[in-house]
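Note sheet for the following structure.
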Amino acid sequence: KWALISTIAPAAHQARLFRGVSSPQTAAMIMLKGQELGLSLTASFEFIQMIEGQPPAVSPRGALALIHNSPECAGLRVTRLTDDKGVFVGYEVWMKRRTGFEHTERWTLDDARRAGLIKTKGAWETYPENMCKWRAIGFCADVVFPDVLGGLKTADQYGAALDAQGDVVAGQWTDAPDTAAD
């Protein structure tokens, strides 16, 4: 497997198709971590993220994929929370292992405000429901399925913006200017 990973890593880096793949070595480590978690090499790039120099993270969608695929999962419920007027306030997530251990996490817009996460034109202002949902999922998964996630935090816990599907919102690639003399 290592020979295959070592062969693919330079091409994965050069192709620039995946966020956070800053070097062939980074590509190799993403694929290696993915293999540890039972992902294919290319799925590793979809689900394992590098966020601004932090340790590797799993996208919340990737965390859900791993949990749903695990024989340890005996139940999972995601509930949208509203106030008495029907206005969105947050999400509650319940997860259960086959051993019977279960846990519930709740993440609300008030929690995000207290944590200083809501900033003008930021992901929390732009996608408040998605961010609450994926944050609650990540916190619950940390408690119930840390082994299934290989100890990885979810990308949103490192500040990454997420789309409605729980994927990291991809940054834009810019090529360095060509400084060679014409």
Side-chain angles (χ1 to χ4, degrees), residues 17-21 26 29-82 88-97 101-119 121-171:
L17 296 175
F18 305 107
R19 183 184 199 286
V21 182
T26 300
M29 299 312 336
I30 288 171
M31 288 185 282
L32 185 61
K33 187 61 176 179
Q35 284 286 290
E36 286 178 2
L37 297 174
L39 298 170
S40 71
L41 296 179
T42 54
S44 299
F45 292 109
E46 293 296 328
F47 294 143
I48 310 271
Q49 308 291 318
M50 299 302 296
I51 309 297
E52 296 180 20
Q54 297 292 331
V58 63
S59 71
R61 185 173 64 101
L64 274 183
L66 292 167
I67 291 167
H68 283 304
N69 196 41
S70 172
E72 295 301 316
C73 183
L76 188 149
R77 183 175 50 247
V78 178
T79 305
R80 184 178 185 270
L81 304 173
T82 59
F88 171 78
V89 296
Y91 271 92
E92 182 175 276
V93 175
W94 168 84
M95 294 180 184
K96 183 177 180 180
R97 290 184 75 103
F101 176 73
E102 58 186 88
H103 181 72
T104 301
E105 283 287 337
R106 179 182 287 208
W107 189 262
T108 67
L109 289 173
D110 284 343
D111 293 326
R113 281 186 199 92
R114 270 192 304 282
L117 297 174
I118 300 176
K119 297 177 174 75
K121 296 184 182 179
W124 281 93
E125 183 181 75
T126 309
Y127 310 107
E129 290 198 34
N130 293 336
M131 296 301 285
C132 282
K133 174 176 55 180
W134 295 114
R135 181 64 56 106
I137 288 169
F139 284 158
C140 199
D142 283 348
V143 174
V144 183
F145 296 107
D147 54 330
V148 173
L149 302 182
L152 296 178
K153 296 286 187 191
T154 55
D156 62 301
Q157 291 172 308
Y158 290 127
L162 305 174
D163 63 18
Q165 290 73 41
D167 291 319
V168 172
V169 174

Inter-residue atom distance [X].[atom1] - [Y].[atom2], 0.5 Å rounding:
{"X": "Arg114", "Y": "Thr108", "atom1": "CZ", "atom2": "OG1", "result": "5.5 Å"}
{"X": "Asp111", "Y": "Ile118", "atom1": "CG", "atom2": "CD1", "result": "10.0 Å"}
{"X": "Asp147", "Y": "Leu37", "atom1": "CG", "atom2": "CG", "result": "10.5 Å"}
{"X": "Glu125", "Y": "Leu109", "atom1": "CD", "atom2": "CG", "result": "11.5 Å"}
{"X": "Ser59", "Y": "Phe47", "atom1": "OG", "atom2": "CZ", "result": "6.0 Å"}
{"X": "Met50", "Y": "Thr26", "atom1": "CE", "atom2": "OG1", "result": "5.5 Å"}

Specify the closest pair of heavy atoms between [X] and [Y], including all atoms of both residues, with the distance to one decimal.
{"X": "Ile48", "Y": "Pro56", "answer": "CG2-CB, 4.1 Å"}
{"X": "Ser44", "Y": "Gly34", "answer": "OG-CA, 3.2 Å"}
{"X": "Cys140", "Y": "His103", "answer": "SG-O, 3.3 Å"}

#### Entry: Intermediate values then yes/no, side chain to side chain contact (heavy atoms under 4.5 Å, CB included), Gln49 and Phe18
CA-CA 9 Å; Gln49 308 291 318; Phe18 305 107; over 6 Å; no
### Message
With side-chain contact (heavy atoms from CB on, under 4.5 Å) as the test, pick out the partner of Val93 among Val144, Ile137, Thr79.
### Response
Ile137
### Query
Among Glu105, Glu129, Arg106, which residue meets the side-chain contact (heavy atoms from CB on, under 4.5 Å) test with Tyr91?
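The residue from Glu105, Glu129, Arg106 that satisfies side-chain contact (heavy atoms from CB on, under 4.5 Å) with Tyr91 turns out to be Glu129.
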### Query
Is Lys33 reaching over with its side chain to a backbone N or O of Gly150, donor-acceptor style, under 3.5 angstrom?
yes
#### Entry: Whether Trp107 and Trp124 hold their rings parallel, tilted or perpendicular, with breakpoints at 30° and 60°
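If you compare the ring of Trp107 with that of Trp124, the planes turn out tilted.
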### Query
Do Val148 and Asn69 have side chains that get closer than 4.5 Å, going by heavy atoms?
no
### Query
Tell me, do Trp134 and Thr154 make a side-chain contact under 4.5 Å, heavy atoms counted?
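With C-beta onward as the side chain, the pair stays apart.
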### Query
Is it the case that more than 12 heavy atoms not belonging to Lys153 sit under 6.0 Å from its NZ atom?
no
### Task
Mind running side chain to side chain contact (heavy atoms under 4.5 Å, CB included) on Leu17 and Phe45 for me, showing each step along the way?
CA-CA 9 Å; Leu17 296 175; Phe45 292 109; over 6 Å; no
### Task
Begin from the C-alpha positions of Asp110 and Val89 and carry the test side chain to side chain contact (heavy atoms under 4.5 Å, CB included) through to its verdict.
CA-CA 8 Å; Asp110 284 343; Val89 296; over 6 Å; no
